[in-house]
Amino acid sequence: MRALLTALALVAASAVVPASPAARAADPTLALTPPMGFNNWNTTGCDINEQMIRDMADIFVSKGLKDAGYQYVNVDDCWADATRDPATGRMRNHPTRFPSGMKALADYIHARGLKFGIYTSAGTQTCAKTMPGALDHEELDAQTFADWGVDYLKYDNCNNEGRPALERYTKMRDALRRTGRPIVYSICEWGQNKPWEWGKDVGNLWRTTGDINDTWSKTVEILKLNAPLDAYAGPGHWNDPDMLEVGNGRQSTVEYQSHFALWSIMAAPLLIGADLRKVSGEHFDVLRNKEIIAVDQDKLGVQGKVITQKDGHWVFVKPLANGDKAVALFNESEVNATISTSAREVGLPRSVGYTVRDLWQHKDFQSADAISAALPPHGTAIFRVKASQDWYRHEPAIDTSLDIAQRYEGIPGTITPAGEPFVATVTATNQAPIPVLNASTTFTVPAGWQVEQLSSERAPVLLTSQSVRSRWKVTPPAGAVPGAHVLNGSLRVTWVGHGRLTKPVTSPVLVPVAPPSGASLWASDVTFTAERSGYGPVERDRSNGGYLGGDGKTLTINGKTYEKGLGAHANAELILYVGGRCTSFSSDVGIDDERDVNQQGSAVFEIWADGVRVASSGLRTWQDDAVPISGSLVGAKFLRLVLDDGGDGVRYDRGDFAGAKLTC
């Protein structure tokens, strides 16, 4: 959010100039592994005070974060007074937010065995414009920070007067070095000037992207920008895809697990961006996973590399100092998926068997070669894999999946209208070097649902790479309560010498609200079946606004306002269950005027009836008037509205389906 707000203050992207031959490199003894800690901005913004920061330090200790490796307690913008000390020119603490002063706060944090971080900007003011920046005050501010006992500096990019980025960031680097105090130096210039190409000689980490926020779409957007930069990271110099949103509460636990695992395999700094006083126990467990943290903190210092990415199925590999490989399998897609690679593909030597340690389950499995996982939408499995001599001691790796057949093109099979049958398949595949015995699968549905077995396989002996599966016809009752319902499958098998094993698997299905009725309905008054938006949720009768939801403005396209409609941000998709009752959808579409001060917004608006595109606006830009589009829904069970970024990437692409109506 902050990067968008502060874009108003930028004259232009700063030009990069060659480094001076005499310039000294960043301190090579600092940040030999990615920094771990906390930063308050993403949860509190300017609403901070010294007691809140002290509470964070205490929670580091009491909740085991310090023991897990988190060190830095960092204060972001708004900690300082609006003016410098007139006598000395030094920055000074905000008199009401931090009345005890920054030195006292640093001492409090240090007394708990932790480190203290602070914030300023390489401009005339900071991003919130509440305190002076450090531009042309580098020497004085660096020495002030050192005198206070600062251990970490986040150096932002706002209000920089268009001066060259490398020049500004190098001046602060040199000023920090001259203080003689070891201060980790975080370059926060949002990736505008490719800091990965020059940051190694200037700072210890550099932001590769704009600001993150607590939405799944933004998490994936940043992942895709940071992942290709693996060659630039290493001990003392790290790509920084911004803070962790784990615990802020607007994503699911599965999504937070993926966020944490993917940041860790990318050797990203792990800076918690949630208010630790409000984080749930479940999300603390994600943040304290020491085995995944060990992947991030591995002393070899290699950023994990993407070795395959297709149809939303990702495989990352990160070599570790002891010769093991960390492997992350990520399901970006909206449906269940089994994702696989092999020990040979990730670079391990040939072996009869491999030990595959699941870092979420904290459990070892034996595998002949495959590294595989059945994953829910947005899920990530992360493993530590090695060729081993004692692989036979571990439980056989057997993939078990529960897949729901897709019935309508473009609509996930897990969306299940009441009264409509669908097919579920339970599959189990033996990935171990040894055979297992008496393999069979089972399946259960919620009470009141009809289920009919279509086929079922049993295997007295299940060899390596062999599978058993069963298929089931399932019909939710006509009166099924709308919402999520859980299907359960399992594998039952005998591990020779160890007895029976059961491997459960679940899959949620969503029963949508009954389709609308009436001659003419505003789409914004209909219950959404599913929605995703590139920046915050799809809004009803308001523009997209920010990522929190409910924060938009009146729908406005090139000066024309609308009382009703849908506000979204590319890339977006909205699914409405119409159940064959509606005949058409119509809307005016265009780029919303909100916040498009940079005059960059562009998008394509599409209407889909089940799997058929029935209308497209073509490319619409910030300067275009609204254009009407409409499409037939005759016979369609689902209406799908799509807002595409227009092919130029996501840049202020807030788009409106204004005056959106269903005829039913």
Side-chain angles (χ1 to χ4, degrees), residues 213-221 245 249-252 254-255 312 332-335 376-378 406 408-417 482-484 508-516 521-552 555 562 564-579 582 585 587 589 591-592 594 603-611 613 615 617 629 631 633 636-645 650 653-662:
N213 60 57
D214 192 16
T215 60
W216 175 246
S217 56
K218 179 59 72 172
T219 302
V220 174
E221 176 190 329
E245 292 288 347
R250 293 184 174 273
Q251 298 183 58
S252 69
V254 166
E255 290 166 343
E332 181 192 350
S333 79
E334 301 300 320
V335 295
H378 307 173
Q406 186 180 41
Y408 304 100
E409 186 179 349
I411 308 299
T414 50
I415 297 177
T416 304
V509 294
L510 176 67
V511 175
V513 171
L521 298 167
W522 297 111
S524 56
D525 293 337
V526 176
T527 301
F528 297 169
T529 299
E531 62 89 15
R532 61 179 175 86
S533 185
Y535 191 58
V538 175
E539 298 277 13
R540 300 174 187 271
D541 305 326
R542 307 293 286 173
S543 64
N544 169 251
Y547 73 91
L548 295 177
D551 54 2
L555 296 161
Y562 295 81
K564 303 290 289 183
L566 303 163
H569 191 297
N571 290 305
E573 178 182 57
L574 176 65
I575 298 174
L576 301 179
Y577 177 50
V578 295
C582 298
F585 172 84
S587 175
V589 297
I591 301 299
D592 193 277
E594 183 184 21
V604 175
F605 299 77
E606 297 178 343
I607 304 170
W608 291 73
D610 293 339
R613 186 174 67 183
S617 67
I629 62 171
L633 300 180
K637 292 298 181 81
F638 291 93
L639 163 65
R640 189 161 63 98
L641 302 177
V642 174
L643 177 64
D644 184 84
D645 65 20
V650 180
D653 295 341
R654 287 176 171 82
D656 299 335
F657 286 89
K661 269 191 175 180
L662 287 161

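Quick note: residue numbers are just sequence positions, from 1.
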Sequence neighbours left out, what passes side chain to side chain donor-acceptor pair (under 3.5 Å) with W216? Give chain and number order.
H378

Enumerate the residue pairs fulfilling salt bridge (Lys or Arg N to Asp or Glu O under 4.0 Å) with a member in residues 524-537, sequence neighbours excluded, ordered by first and then second residue.
D525-K564, R532-E573

How far apart are the closest heavy atoms of L548 and P537, and which atoms are they?
C-CD, 4.3 Å

So F585 and L576, do their side chains get closer than 4.5 Å, heavy atoms only?
no

Determine, stepwise, if the pair S533 / N544 fulfils side chain to side chain contact (heavy atoms under 4.5 Å, CB included).
CA-CA 9 Å; S533 185; N544 169 251; 3.9 Å; yes

Just wondering, do I411 and I575 contact through their side chains at under 4.5 Å, heavy atoms?
yes

Single hit among T416, T414, T529 for side-chain contact (heavy atoms from CB on, under 4.5 Å) with L510
T529

Identify the two heavy atoms, one from A636 and one from D610, that lie closest to each other, and give their separation to 0.1 Å.
CA-OD2, 3.5 Å

Give the minimum heavy-atom separation between P515 and Y577, together with the two atoms involved.
CD-CE2, 3.4 Å

Give me the atom names and distance for the closest heavy-atom approach of P516 to L521.
CB-CD1, 3.1 Å

Distance (rounded to the nearest 0.5 Å) between S524 OG and K661 NZ:
11.0 Å

Pairwise side-chain contact, N571 with D644, heavy-atom cut-off 4.5 Å (strictly under):
yes

First locate atom CG of L555, then atom CZ of R542, and finally report the distance between them rounded to the nearest 0.5 Å.
7.5 Å

Minimum side-chain heavy-atom gap E255-T219 below 4.5 Å
no

Decide side chain to side chain contact (heavy atoms under 4.5 Å, CB included) for W522 and R540; before the verdict, give the C-alpha distance in whole Å, the side-chain angles of both, and the deciding distance to 0.1 Å.
CA-CA 10 Å; W522 297 111; R540 300 174 187 271; over 6 Å; no

Under a 4.5 Å cut-off applied to non-hydrogen side-chain atoms, are W608 and E409 in contact?
no

Is any side-chain heavy atom of T215 less than 4.5 Å from a side-chain heavy atom of R250?
no

Side-chain contact test, heavy atoms from C-beta onward, threshold under 4.5 Å: evaluate it for P417 versus F638 and give yes or no.
yes

Could you walk me through whether E332 and V220 pass the side chain to side chain contact (heavy atoms under 4.5 Å, CB included) check?
CA-CA 8 Å; E332 181 192 350; V220 174; 3.7 Å; yes

Shortest non-hydrogen contact from D656 to G567?
OD1-CA, 3.8 Å

Please find the pair of heavy atoms, one from L643 and one from A603, that lie closest to each other, and give the distance.
CD1-CB, 3.5 Å

Residues I415, Y408; criterion side chain to side chain contact (heavy atoms under 4.5 Å, CB included); working and verdict
CA-CA 10 Å; I415 297 177; Y408 304 100; over 6 Å; no

Can you check whether L662 reaches L633 side chain to side chain, under 4.5 Å on heavy atoms?
yes

